[in-house]
Peer 1: 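Below is one structure. I have some questions about it.
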Amino acid sequence: MVTLSETDYARLHNSVEASIRKYRPFVDHALAAVREYVGYEYGDNGASEKVPFNYLAQFMKVHQRFLAPRNPKALITTPKPELKAAANDLALAVNHITEEIDLEATMQAAVINALFLVGAVKIGLNTSSTVELGGVTHDVGQVFVDCIDFDDLILDLHAKRVEQMQFMGNRYRLTKREMMDSGLFKPDWVEKACATDDMNLIRDEVTGQERLQAMSQSTSDPAETFEPTFELWDLWLPGRNLCITVVPGKKNLPPGRTVEWQGPEKGPYLVLNYGDVPGNVMPLAPRCAVIELHDALNIALRKLIRQAQREKTVLAAPRGSTHDAETMKEAGDGEVVGYDGPPGGLQPVTMNALNANLQGFFLYLKQLASETGGNLDALAGLGPMAETATQDELIHSSASRQVADLAERTLKFAKRILRQVAHYTWYDPLGNTPIVKTVEGVRSAELAMRYTPDLREGDLLDYNTDIDPFSMKSQTPQERMNAIMQLTTQLILPALPFLPQAGLMFDWNEFFDTISRYGSLPELKHLLKSLPDMGMGMMPQQGGMGGEGPGKSPVTTRNYTRTNRPGATKQGQEAAMAQMLMGGNPQQAEKAALMRPAGV
């Protein structure tokens, strides 16, 4: 095994610290955005000013839900017919592991990190004793996929592309007890690594700047944990094919662990980014495109709120008529009071009224932010964007295409994760993953078994690990019910007379149970009753009402009436309102649309 000399280790330590310092400005900008994301009410270290319109949080939540709504499912195929059963077994094992480790939550965390700056995961097979790393417990022989927060990530910023980096790693904290119990480090090295009083959890070990964790902790009150924790760095050196663990700031202490990398070729770290910058390894995160509009929206709205607080209406009375003014001030609504002053002597006066131009500017910024965010209103489902259902569907499709690049990058990232999970599942000598197989040729029959090394056939190169493209698509129960209804009416019912020839029958009880469950209609089960046993001769035929009943008329007449109603959209209403507030004169139809609910 290739090892590092003292000179190489010193140069590596210096290079890592230099990259962390270069990386810090990117983290500072992302950290400032996270403060805006959590708002003013998040502890003592959230946003510095109130955030009455948190556009950034809406942008992040909508995109996170759109990009990683569900757990990805592996789809493993093979060109060799004799290995198809083995490929299905491997896919079942991989999918069980991803469910067990909650890959869905890891994907969502990686996506939100990538939206702010850069997302990354660390993948491996725990061969030590049960240990907690980064707050996640890893059992012996367990495949793990852990998200790395962007301020814990270590990247070689001297490189132009990820493939050219000479090192990549992550930072984490362990207690002295966890280091000893893991079996990964020698006891004397642990003693030297923990020989420090530095317990600052909210400051960067290299730059001294605040970290993400500072937002939920007080910067004036140092954190005191039950057991002291100490920072470690895991580094992967692709050129040397080594993985090492070091202590920051202790260049004279050799690595506590140096092992030859024997995992997948791409290494233990996978990076997700949503915007390439030529000649730079750091991506352009989507946050960069919307943060300034978020700031502008809140500056304008905070100013409008201050104006609203200063605005007041008073009743101006001529000198000598103050008694009448006090009488009217004390009078209740609809009460009749006497007045001795001149006609028109008391006039309401409004001071510090809201600036109409500023209100129009705010509405304009709101529309601009929605467009910049990929038509965010359409993605969020905040209401119809067009006056007809067909136009609205086209707009939703267009909005989806604007984030299609982000979705494609997320799918590729998930595919790389599944390939590495499949690699560890295949090569784990002690693998014992429970799977449930469907018995071929027997309906509703399942067989519980375990995926062990003796089930493997051929070589891993004989299999192609892909991702089920529909597994990550979010579907509400209503959408699933609509899909079942469409499939039933368009495919199953027309083929109903031919099902018995294929040995099949349509289960109406299961159909109505499913519709009742997905449609939240429990009453539907009570509306249908089973027929009494009338004998075979009295049973109605599938697809008709029986031989004795009246049949349908061979000629039917249908009348279709198309009614055009004027519509109103949220965007159209805001555009008309902004035009009016800024002194413009919208068309009469636009003014009328202001009085109608959106979508009517």
Side-chain angles (χ1 to χ4, degrees), residues 25-66 111-117 150-151 209-210 212 214-216 219 274-275 284-312 352-383 385 399 402-403 570-583 598:
F26 294 93
V27 173
D28 288 340
H29 286 295
L31 181 57
V34 175
R35 293 186 189 279
E36 290 293 314
Y37 170 74
V38 299
Y40 182 78
E41 300 295 332
Y42 188 82
D44 295 333
N45 296 307
S48 58
E49 295 186 83
K50 291 186 179 294
V51 187
F53 182 72
N54 203 328
Y55 168 76
L56 183 63
Q58 184 183 26
F59 174 87
M60 292 294 173
K61 291 175 182 178
V62 169
H63 280 75
Q64 182 190 39
R65 180 64 181 169
F66 187 85
V111 165
I112 199 71
N113 274 273
L115 290 170
F116 276 107
L117 184 58
F150 62 77
D151 70 334
Q209 300 297 315
E210 287 187 5
L212 278 171
M215 285 189 297
S216 58
T219 54
Y274 286 137
L284 181 65
R287 172 260 311 171
C288 300
V290 299
I291 186 62
E292 293 181 3
L293 280 170
H294 167 88
D295 291 339
L297 279 163
N298 283 280
I299 289 172
L301 188 53
R302 282 194 294 263
K303 191 169 184 177
L304 285 170
I305 292 173
R306 291 194 297 269
Q307 289 180 2
Q309 291 171 337
R310 293 194 302 267
E311 181 181 352
K312 61 181 178 180
N352 300 320
L354 289 176
N355 189 308
N357 286 334
L358 185 57
Q359 295 180 62
F361 180 63
F362 173 78
L363 292 176
Y364 166 74
L365 286 177
K366 192 167 176 287
Q367 285 193 357
L368 183 62
S370 178
E371 293 174 6
T372 305
N375 206 346
L376 193 65
D377 289 346
L379 289 174
L382 297 181
M385 300 291 107
Q402 291 192 49
V403 295
K570 185 170 175 286
Q571 287 182 323
Q573 289 176 331
E574 290 183 351
M577 179 65 71
Q579 189 176 356
M580 292 177 64
L581 289 170
M582 300 178 74

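Here the structure is a predicted model, which is why all the values come from computation and not from measurement.
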Peer 1: Under the side-chain contact (heavy atoms from CB on, under 4.5 Å) rule, collect the residues that match up with Y40, sequence neighbours excluded.
Peer 2: K50
Peer 1: Testing the basics here: between A289 and T372, what is the closest heavy-atom pair and its distance to 0.1 Å?
Peer 2: O-CG2, 3.4 Å
Peer 1: Kindly say whether E36 contributes a backbone atom to a donor-acceptor pair with the side chain of N54 at under 3.5 angstrom?
Peer 2: yes
Peer 1: Give me the atom names and distance for the closest heavy-atom approach of L365 to L293.
Peer 2: CD2-CD2, 4.1 Å
Peer 1: Please check if the side chain of Y55 supplies one atom and the backbone of A369 the other of a donor-acceptor pair under 3.5 Å.
Peer 2: yes
Peer 1: Take H294 and N298 through the test side chain to side chain contact (heavy atoms under 4.5 Å, CB included) and record every step on the way to the result.
Peer 2: CA-CA 6 Å; H294 167 88; N298 283 280; 3.4 Å; yes
Peer 1: Is it the case that over 12 heavy atoms from other parts of the model lie below 6.0 angstrom from the CZ atom of F53?
Peer 2: yes
Peer 1: First locate atom CG of L363, then atom CG of L297, and finally report the distance between them rounded to the nearest 0.5 Å.
Peer 2: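 The distance works out to 10.0 Å.
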Peer 1: Got V62 and L376 here, is their nearest side-chain heavy-atom distance under 4.5 Å?
Peer 2: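 V62 vs L376: side chains touch.
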Peer 1: Taking the inter-plane angle between the rings of H63 and F59 on a 0 to 90° scale, is it parallel (under 30°), tilted (30 to 60°) or perpendicular (over 60°)?
Peer 2: tilted
Peer 1: Could you grab the distance from atom CG of L354 to atom CG of L358, nearest 0.5 Å is fine?
Peer 2: 8.5 Å
Peer 1: For N355, does its backbone N or O pair with a side-chain atom of Q307 as donor and acceptor, under 3.5 Å?
Peer 2: yes
Peer 1: Output the distance between atom CG (L117) and atom CZ (R287), rounded to the nearest 0.5 Å.
Peer 2: 6.0 Å
Peer 1: Going by the ring pair (Phe, Tyr, Trp, His ring centres under 6.0 Å) test, name the single residue among F26, Y37, Y274 that passes it with F116.
Peer 2: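 It is Y37; the other options fail the test.
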Peer 1: Nearest 0.5 Å please: distance from the CZ atom of R310 over to the CD1 atom of I305.
Peer 2: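 It is 12.0 Å, given to the nearest 0.5 Å.
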Peer 1: Using every non-hydrogen atom in the two residues, find where Q64 and V111 come nearest and quote the distance to one decimal.
Peer 2: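 The answer is CA-CG1, 4.1 Å.
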Peer 1: Please name the pair of heavy atoms, one in P286 and one in A114, separated by the smallest distance, quoted to 0.1 Å.
Peer 2: CD-O, 3.7 Å
Peer 1: For E292, does the CD atom sit with more than 12 other heavy atoms under 6.0 Å from it, leaving out its own atoms?
Peer 2: no
Peer 1: How long is the straight-line distance from CG of L304 back to CD of Q309, given to the nearest 0.5 Å?
Peer 2: 11.5 Å
Peer 1: Heavy atoms only: give me the nearest L115-M60 pair and the separation to one decimal.
Peer 2: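 Heavy atoms only, the tightest pair is CB-SD, 3.4 Å.
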Peer 1: Taking salt bridge (Lys or Arg N to Asp or Glu O under 4.0 Å) as the definition, give me every residue that meets it alongside R302, ordered by chain and number, with sequence neighbours left out.
Peer 2: E49
